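Predicted model, so just to flag it, every value in this text is computed and none were measured.
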Amino acid sequence: MLSVVRVHLPSEIPIVGCELTPYVLLRRPDKTVSTDDVPETTPLDGHFLRYKWYRVQNDKKVAVCSIHPSEQATLQCLGCVKAKIPVSKSYHCTTKCFSDAWQHHRVLHDRAASALNENGNEEEEVFGRFNSTGSGATNSSLSASASSASLTNGSATPLYPAAITQRSGETWFEVGRSKTYTPTADDVGHVLKFECVVVDAETKLPVGHVNTILTSRVIPAPSPIPRRIIPVDGMAHLDVDGRMTSSGTFTVLSYNVLSEAYASNDLYNYCPSWALSWPYRRQNLLREIVGYRPDIICLQEVQSDHYDEFFSPELDKHGYYGLYKRKEVYSGNTNTIDGCATFFRRDRFSHVEFNKAAQSLTEATIPTTQKKTALNRLVKDNVALIVVLEAKVNNQPFDNPGKRQLLCVANTHVNVPQDLKDVKLWQVHTLLKGLEKIAASADIPMLVCGDFNSVPGSAPHALLAMGKVDPSHPDLAVDPLNILRPHSKLVHQLPLVSAYSSFARTVGLGYEQHKRRMDGGTNEPLFTNVTRDFIGTLDYIFYTADSLVVESLLELLDEESLRKDTALPSPEWSSDHIALLAEFRCCKNKSRR
C-alpha cells in the first residue's frame, strides 16, 4: 500500500511571498520509493495523498526584527509609528541592532517626511521596549486580536477563518489544501503546520499515520530602501515614483542574478540559508527587476532551467519577450548551465533576425591551426547574446519616427578565471569585432551590457572604454597561445562610453553624493560586486556615444545602504552583484571615434 516515509522542508524559515513545497518521500505498492505526487485525480492502487496547511496561532503575537527577521523583536522605533512607516520596518531585536542600522533606518524617516510634505520641524526619534510601561511603548503581551490589528496597520477586519481545532492554548486555522503554500502577511509571526496523509480513494477516509511538520515563525520578506532614478543633466522631470516623464526615451537594465549553482552556503556563509535559497531569491529578484520597469533587461548567470521555468514565464506576465543563450561548455548538467537572457517589452520593441554576427561571439572564426584544447580554453565559460531590436511605430522611443529604427543590444558574461587574462581580453575583443561588423552593415545604435569580470583599468576595460590597449599593459604579459599578437590589433572603432561615467561629468550640488560613490580615477562606480572576499566593479553598460545620450541612471548603492557589517547576497539584495540601469535617448550626431 502507498505510505509516507518522510516529510521535511527545504527551509525551516518561511517568508511571505515565497512558496513552501515540502519534500515528501513515498513508498509505493511495489516497494520502490519516490517523490512523485499522487493526487486525488490519479490515485495509485486505490489511494492518494491529501495535504493541509494550518496557521498555528497562540494567545500572544510575536513580532520579528526588521533587520534580522529570524530573531524576535524586543524594540520598536516610535518614529516609524509616528511617520506611518509600515510597522514591520519598525521592529528591532536589540539596542545594538537598532544602533547599527540607524544610518540606514533614518532614511526611511526622511523619505516618509518628504512624501507627507511635513512642516519641517525636527522631531526627536525614539524607540520603546515592548515590555516598557512608559507612554507610547508597545507591550509584548498584546492580545492576538489587538496585535493582529497593529501588525496590519490598524485594520480591524477579522484576518483569519474560523478555528478548526484547539488544544493547549493553540488555535489551528486551515489556510491551504495543496502541497505548496505561499505565506501571506497574515502569517507573519505565526508557526505553520503541514499535514500529509494517505487517503482511501473510495471512502475518502485517512489511512494510517498522519505526517506533520512545523515551520519556524513566518517572517516578512525583507525590503531594501528603493533606489531612485537620477537625471544626469539636471534638466529632466521625474514623476512621483522617480521615473522620467519623457516618452522619447528607453531604459536598459543589466544584472548578474547569481546562479543557484554558484550560490553555495560555503561560499556565502555570511548570508542566512533561507535568504540564499533559490525559492526566496527568485521572488526577491523578480520584485526588484519588475519594480524598475525597464524596457530592456539583460540578465547574466541565468540557469537554463530557471529561464524556462521561472524568468521567461514570469516576465511574460509583465509584457516581456525573452531570448536566451547558454554558455559554451562541454560537460555537466545542462539544466544548471547558466547563460545570458535578454528581455524586451513587447509594446516597445520587436525582435529582428539580423546576420550571424548578431548571435554569439562563440561563432567567431578561430584559426584552423588552433587545437581543440585551445578552443576549449578560449570559449568554454563565455557567453554573449547579441539581439537586434526594432522600435515599435506606435510607441516610438527615438527622435526620427519616420525612419525604421534599430537597436543592437549585446549581453555578455565573461566568466574567466583571473589568471587567464589573455582569454578574457580575447573574448572581449572578439565580441567588439562582431559588433563592428554589425555597425558596418547598418546605421544602428549599440548597447554593450554585462558582467565582464574586469575591473576598471584592466585591459578589457581599457579596450572597451578607450578603443585600444597600451602595448605595455601588464595584462598582455600572459599570452601562451599568442592570441593577442600583434598588440596593434587590439583596437576597435566603436565610440563606446560607460553610461555611469555620466555621473562624473555632471555638475551641481545635488550630485555630490552620487559622485562620492564613483572612483575619481576611472569614472566608474566604486563597486558593483560585493562579497566578503572582494569589493569592486565588474559590471558595465556601454553605449555608442555618437547615437545615444544618457538621460538618467539608477542610483548606486553605498556602504550605508548595504549596512557596514553585510556583504552580498543578503536578505535585502539577492545577488552578489547590484543592478545597473540607464535611460537613453537617441541622438543624430554621427561622428566616429
Side-chain angles (χ1 to χ4, degrees), residues 1-15 17-56 161 164-165 167 170 172-184 187 190-218 259-261 263-265 273-274 276-283 303-314 326 331-338:
M1 186 184 79
L2 185 68
S3 62
V4 177
V5 177
R6 186 161 62 98
V7 176
H8 78 88
L9 291 166
S11 175
E12 294 182 354
I13 301 179
I15 304 106
C18 296
E19 291 182 350
L20 279 175
T21 303
Y23 176 89
V24 180
L25 185 64
L26 305 175
R27 179 170 286 112
R28 305 168 74 88
D30 61 2
K31 304 302 181 183
T32 60
V33 293
S34 171
T35 57
D36 295 336
D37 194 13
V38 183
E40 184 175 3
T41 53
T42 55
L44 181 62
D45 198 27
H47 297 84
F48 65 91
L49 292 177
R50 176 184 292 163
Y51 308 107
K52 288 187 179 182
W53 285 91
Y54 300 95
R55 179 191 304 125
V56 183
I164 63 151
T165 242
R167 65 169 66 175
E170 291 183 344
W172 300 354
F173 296 92
E174 183 179 328
V175 293
R177 292 193 176 187
S178 63
K179 186 176 182 180
T180 297
Y181 177 69
T182 302
T184 68
D187 298 320
H190 297 293
V191 170
L192 298 176
K193 177 182 177 181
F194 174 70
E195 183 179 281
C196 174
V197 65
V198 176
V199 175
D200 187 292
E202 185 175 344
T203 66
K204 301 298 189 289
L205 297 176
V207 178
H209 176 66
V210 178
N211 296 266
T212 62
I213 189 169
L214 295 176
T215 70
S216 300
R217 296 184 185 275
V218 177
S259 166
E260 182 186 17
S264 67
N265 287 296
S273 58
W274 59 265
L276 197 58
S277 68
W278 179 242
Y280 171 76
R281 289 201 304 116
R282 69 178 187 179
Q283 295 295 340
Q303 287 183 195
S304 298
D305 53 344
H306 294 168
Y307 175 81
D308 293 332
E309 299 170 9
F310 182 72
F311 283 111
S312 181
E314 289 299 321
R326 193 175 67 192
S331 63
N333 184 344
T334 56
N335 285 331
T336 59
I337 296 173
D338 64 280

Query - Beyond-backbone contact of Val38 with His47, side-chain heavy atoms, under 4.5 angstrom - result: no
Query raised in the report: Is Asp36 close to Leu26 at the side-chain level, that is, under 4.5 Å between some pair of heavy atoms?
Result: no
For the [atom1] atom of [X] and the [atom2] atom of [Y], what is their distance to the nearest 0.5 Å?
X: Arg6; Y: Ile213; atom1: CZ; atom2: CD1; result: 9.5 Å
X: Ser216; Y: Leu192; atom1: OG; atom2: CG; result: 10.0 Å
X: His306; Y: Arg282; atom1: NE2; atom2: CZ; result: 8.0 Å
X: Phe48; Y: Glu40; atom1: CZ; atom2: CD; result: 4.0 Å
X: Trp278; Y: Ser259; atom1: CH2; atom2: OG; result: 8.0 Å
X: Asp338; Y: Asp305; atom1: CG; atom2: CG; result: 10.5 Å

May I ask you to decide if [Y]'s main-chain N or O and [X]'s side chain share a donor-acceptor pair within less than 3.5 Å?
X: Asp187; Y: Thr184; answer: yes
X: Lys31; Y: Arg28; answer: no
X: Trp274; Y: Pro14; answer: no
X: Glu260; Y: Gln303; answer: no
X: Thr180; Y: Glu19; answer: no

Query - Any residue meeting salt bridge (charged side-chain N to carboxylate O under 4.0 Å, His left out) with Arg27, in chain and number order, not counting sequence neighbours - result: none
Looking only at non-hydrogen atoms, find the nearest pair between [X] and [Y] and report the distance.
X: Ile15; Y: Tyr280; value: CG2-CE1, 3.7 Å
X: Val218; Y: Pro183; value: CG1-CB, 3.9 Å
X: Gly46; Y: Pro43; value: C-CB, 4.5 Å
X: Leu25; Y: Thr35; value: CD1-CG2, 4.1 Å

Query raised in the report: Can you check side chain to side chain contact (heavy atoms under 4.5 Å, CB included) on Val198 and Leu49, steps first, answer last?
Result: CA-CA 5 Å; Val198 176; Leu49 292 177; 3.8 Å; yes
Requested in this report: Begin from the C-alpha positions of Asp45 and Leu2 and carry the test side chain to side chain contact (heavy atoms under 4.5 Å, CB included) through to its verdict.
Outcome: CA-CA 8 Å; Asp45 198 27; Leu2 185 68; over 6 Å; no
Query raised in the report: Between Phe194 and Leu20, is a side chain to side chain contact (heavy atoms under 4.5 Å, CB included) present by the stated rule, with each step listed?
Result: CA-CA 10 Å; Phe194 174 70; Leu20 279 175; over 6 Å; no
**Report entry** Contacts of type side chain to side chain donor-acceptor pair (under 3.5 Å), residue Asp37, not counting sequence neighbours
**Finding:** Tyr51
